[in-house]
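Each chain gets a letter, A, B and so on, in the order its sequence line appears, and its residues count up from 1.
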Amino acid sequence: MHDSYISKEVEDKLRKLWTDEGIYKFDSESKKQVYSIDTPPPTISGLIHMGHVFSYSQADFVARYKRMRGFNVFYPFGFDNNGLPTELLVEKNNNITAEKVGREKFIELVEKETKKYEDIYKDVWTHVGISVDWSLLYSTISKEAQITSQRSFLELSKLNRVYRKETPTIWCPKCKTAVSQMELKDKMVKSKFVDIRFKDDVIIATTRPELLPAVVAIFVNPNDEKNRKHVGKLVRVPIFGQEVKVFADSRVDPKKGTGIVMCSTFGDLTDIEWYKAYDLDLKIEMDDKGRMLNEYFKGMSVKEAREKITEDLKEKGYVLGDKSIEHSVNSHERCGTEVEFLVKKQWFVKYLDMKKDLIDLGNKLKWHPEYMHVRYDNWINGLQWDWSISRQRYYGIPFPVWYCKKCDEPVLAEESELPVNPMETMPKKKCAKCGSAEFAPEYDIMDTWMTSSLTPLINTRFWLDNPRKNVYPMSLRPQAHDIISFWLFTTVVKCYLHTGKVPWSDVLISGHGLDKHGKPMHKSLGNVVEPLPVIEKYGADALRHWASLSRLGEDASFQEKDVISGAKLVNKLWNVAKFVSKNSSENIKKSNNVVDRWMLSKTMELIKNVTMEFESYNSAGAKRLIDEFFWSFCDNYLEFIKYRIYGNGDKPDYILSHVFFAILKMMAPFLPYVTDEIYLELYAKDEGKKSIHVTDWPKYEENLIDGNSLETGDKILRIISYIRQWKHARKMALNAEIQKLEIEGDLEDGMEDIAGAMKIKNVLKGIGEEEVPGTGIRIRIVA
RNA sequence: GGAGGCAUAGUCUAAUGGUAGGACGGCGCCUUUACACGGCGCAAGCCUGGGUUCGAUUCCCUGUGCCUCCACCA
């Protein structure tokens with residue numbers, strides 16, 4: 001074996017070997033039980049950082065463990081290139097807009113561009129040692145994903161789970177599209193809170209006086225002593241003159257403004273809630289571009305209209321005062337425009353009636369950690385609207401739908417036509433309702449969650465040629481906690497509707513990888529740590545060591561010192577391997593030595609405990625046990641056996657090699673490179689496997705546990721530690737010779753081992769002077 | 001505003017109903033044939049207040065601080 005371990009060389013070599021030998025390949029012919037993982041497809045946005053390494057490593061620990069437990073592991077990878085971040089990236093890199101080049105062409109460009117990033121991403125993931133089978137790669141804009149999404153829509157339609165309805169929608173007047181809640185960001189703006197007198201004692205403070213023509217009701221809090229007398233009365237709106245009713249609703253904050261709120265259709269989300277809850281009139285006072293419709297200020301922008309109406313109100317004496325405020329408003333993250341609420345026809349997935357089922361489904365999942373389950377339940381209990389799935393965006397997967405030009409009846413595509421772009425293809429049939437053959441395409445596209453919610457079905461090729469058997473329901477969904485309410489939730493909804501089953505048996509929720517101060521990594525904060533330079537410097541195993549330290553579900557800050565510890569651990573493993581390689585033999589006789597039996601017993605206990613931790617998805621716990629054991633193995637056991645190796649005692653070769661092999665295997669999911677390199681050097685020849693990652697997990701043999709040796713070993717360790725302190729107090733080297741050790745008390749075995757480890761010429765039963773704490777044994781040391 | 005998580009030496013963290021283990025850093029000793037990228041040792045810590053208990057860092061409540069998600073922002 002080489003004197004020192006050079007991570008870069010070994011990693012380059014092993015990456016190639018793993019690929020060439022297909023170590024991580026899913027075997028579709030195998031009869032072995034499948035363990036399938038619904039890997040999160042990272043967004044193609046041009047950036048990978050330690051946060052990704054952190055969460056993907058945690059899933060990889062599980063994958064590698066399961067592989068060694070004999071499962072046929074289905075571990076795919078995907079790229080999410082169907083969404084705004086990718087769209088923006090591709091537009092920027094090519095200096096184009098999706099709309100100008102056309103959808104088909106743009107998707108081609110995305111796929112080309114994605115390929116570049118795929119190569120970069122794949123390079124990082126393979127360097128990190130994520131053991132996915134790259135032949136299972138998918139992308140969320142691919143033809144397969146399009147077929148799956150569109151088919152899903154058709155199926156939901158058969159189930160009467162989709163409907164189209166005119167409803168208030170978050171709208172960007174500049175981009176002229178509906179936007180999802182996720183595409184909004186808060187923006188602080190300066191604004192004026194104007195007090196407007198409707199009636200003598202009905203004064204309303206508003207920042208949106210231009211919405212007066214759209215006012216349809218007035219609200220006060222039911223507990224508001226001062227204002228509740230107005231409830232049920234009719235009040236006339238200044239200038240526009242419509243009479244509206246006053247309602248009581250707890251959503252009104254009596255302390256804010258005057259405690260009286262006007263409700264217009266629509267100023268904000270509360271207005272929409274009230275509109276729905278009280279069945280209010282609908283007054284559309286704004287067009288797609290954010291221009292006012294009312295004759296009073298027709299064609300003006302929101303801002304112009306606001307100025308004009310404020311002036312007029314002042315002139316006519318309706319304004320009692322105003323106050324400058326700064327408040328946050330929702331704006332479109334892409335262009336910064338303040339969003340409005342317009343009434344538009346949108347497609348919805350109906351699921352509000354499924355709340356109880358969805359809660360039940362959540363109960364069927366095994367959540368790791370368990371407390372993450374609450375977030376899922378909370379989300380469902382708080383749902384107020386069905387899932388709006390249409391977007392008036394350009395880039396994405398189209399709805400497989402046309403509308404009859406005569407009667408507006410929707411016509412759905414045939415399954416055999418998928419994927420279909422209704423803007424380019426027309427239906428081959430006539431309108432079922434009126435017989436017309438003239439159709440207009442649906443121009444909207446589907447929300448990206450419509451596609452990403454289908455990853456288990458994309459993975460299993462549910463509606464595609466050559467569907468994969470035994471993959472679904474999948475075994476594991478690993479993901480971070482921030483998207484429980486989106487990705488996890490929507491996947492449960494869709495997979496349940498399509499398959500009647502919950503899509504996985506276990507859910508593994510990881511935290512975020514943060515910078516060293518505990519802040520999220522963001523390009524704009526300049527705190528992004530990229531994985532490859534760290535791998536270059538310390539090795540991939542060292543980096544994975546960092547990822548293996550924190551408790552499941554907890555965020556972890558990136559500490560370089562933890563990577564350094566990892567590098568030291570790797571180095572230590574290598575050095576022990578050298579020691580083992582020099583001192584191993586074919587000798588497999590059972591040892592009667594108490595220290596050997598102690599070591600073997602401890603190893604069995606370790607296997608049992610580590611396995612238990614892995615089975616409960618606590619890989620950090622497993623890693624801790626192994627690390628602790630390994631360091632003790634080095635510092636104690638190896639010191640105990642050297643005298644026998646270098647002297648004439650019973651050679652402990654077999655135990656040494658056997659125990660180290662068990663440690664190595666249990667380390668393998670975490671440190672795949674160094675463990676495999678050592679395996680190939682030391683053990684592969686006997687076992688005949690091509691990689692440690694396809695060997696069997698160490699076997700727990702209860703009959704090897706010897707209670708007596710465990711007790712004795714513990715005592716011996718305490719005595720050793722005591723003698724070490726004794727030597728230290730005399731500034732002696734640890735290997736300095738001691739003449740004599742007298743032991744008084746209950747210790748039958750291990751005298752020779754103490755003598756050997758501590759270089760004591762003569763260890764004998766005798767009269768002790770000092771008690772070794774925790775042993776009940778007294779000793780006397782004679783220098 | 002709602003929900004959830006976290007709070008342990010200078011820093012990062014672990015376990016635990018009977019006063020705490022590790023890592024980095026600090027100090028000191030040891031060039032021992034796997035390893036000085038090492039070994040051994042020393043100093044240094046349980047956020048505030050209340051409750052349950054013979055006893056709480058651990059369980060419960062409260063406050064405070066940090067983080068995440070959701071909602072609001074008339």
Side-chain angles (χ1 to χ4, degrees), chain A residues 1 3-5 181 186 188-189 191 193-194 204-209 211 215 218-219 251-253 256-264 267-271 273-274 325-330 369 371-375 377-379 381-384 480-486 511-512 514 516-520 538 542 546 549-551 553-562 564-583 620-621 624 627-628 631 634-635 638-639 642 645-646 720-721 723-736 759:
Chain A
M1 286 179 76
D3 261 1
S4 53
Y5 177 78
Q181 263 182 42
D186 287 349
M188 292 304 288
V189 294
S191 185
F193 219 17
V194 189
I204 295 177
T206 182
T207 55
R208 303 289 311 263
L211 290 179
V215 170
I218 289 174
F219 285 87
R251 276 165 279 204
V252 178
D253 178 355
K256 193 157 180 179
T258 58
I260 309 176
V261 187
M262 66 185 208
C263 169
S264 40
D268 64 22
L269 284 166
T270 317
D271 289 349
E273 286 178 27
W274 282 331
I325 55 162
E326 197 167 354
H327 66 154
S328 74
V329 295
N330 281 323
Y371 65 77
M372 293 293 180
H373 187 172
V374 182
R375 300 193 185 195
D377 287 351
N378 282 345
W379 173 255
N381 289 327
L383 283 175
Q384 308 213 24
H481 52 61
D482 54 342
I483 49 175
I484 290 175
S485 42
F486 299 107
H512 288 146
L514 309 171
K516 65 178 170 182
H517 303 296
K519 299 275 173 221
Y538 298 109
W546 161 70
L549 292 176
S550 52
R551 234 180 324 168
E554 289 297 308
D555 294 343
S557 55
F558 178 73
Q559 305 290 334
E560 191 159 352
K561 71 169 184 73
D562 290 331
I564 293 171
S565 302
K568 287 184 177 177
L569 173 62
V570 168
N571 184 56
K572 194 82 172 172
L573 276 165
W574 185 253
N575 283 310
V576 174
K578 282 194 300 189
F579 182 76
V580 172
S581 86
K582 280 182 202 159
N583 299 299
R624 209 158 34 237
D627 281 3
E628 195 182 313
W631 288 101
C634 296
D635 298 342
L638 297 189
E639 297 307 319
K642 278 180 183 170
I645 285 177
Y646 301 131
I720 293 284
S721 171
I723 298 170
R724 278 172 175 166
Q725 285 178 51
W726 184 91
K727 283 189 173 179
H728 186 262
R730 283 156 187 76
K731 299 198 175 186
M732 293 165 74
L734 287 177
N735 66 339
K759 292 260 162 58

Name the nucleic acid region contacted by A:Lys572, choosing base, sugar-phosphate or nothing; use a 4.0 angstrom heavy-atom cut-off, strictly under.
-> base
Listed partners of A:Phe558 passing ring pair (Phe, Tyr, Trp, His ring centres under 6.0 Å), at least two apart = A:Trp546
By side-chain contact (heavy atoms from CB on, under 4.5 Å), which residues pair with A:Glu554, not counting sequence neighbours?
-> A:Tyr371, A:Arg551
A:Leu734: what forms a side-chain contact (heavy atoms from CB on, under 4.5 Å) with it, not counting sequence neighbours?
-> A:Arg724
So do A:Asn575 and A:Tyr5 actually touch side chain to side chain, heavy atoms under 4.5 Å?
-> no
Under the side chain to side chain donor-acceptor pair (under 3.5 Å) test, which residues partner A:Trp274, sequence neighbours left out?
-> A:Asp249
Got a sec, which residues hit ring pair (Phe, Tyr, Trp, His ring centres under 6.0 Å) with A:His512, two or more places apart in sequence or on another chain?
-> A:His481
Not counting sequence neighbours, which residues clear side chain to side chain donor-acceptor pair (under 3.5 Å) with A:Asp268? List them please.
-> none
Please work out if A:Asp268 contacts a base, only the sugar-phosphate, or nothing of the nucleic acid, heavy-atom cut-off 4.0 Å.
-> sugar-phosphate
Indicate for each nucleotide in nucleotides 3-8 of chain B, in 5' to 3' sequence, whether protein heavy atoms under 4.0 Å reach the base (B), only the sugar-phosphate (S), or nothing (-).
-> SSSS--
Return the set of residues passing side chain to side chain donor-acceptor pair (under 3.5 Å) with A:Lys727 (not counting sequence neighbours), or none when no residue passes.
-> none
Grab the N/O contacts between the protein and nucleotides 56-62 of chain B below 3.5 Å, and write none if there aren't any.
none

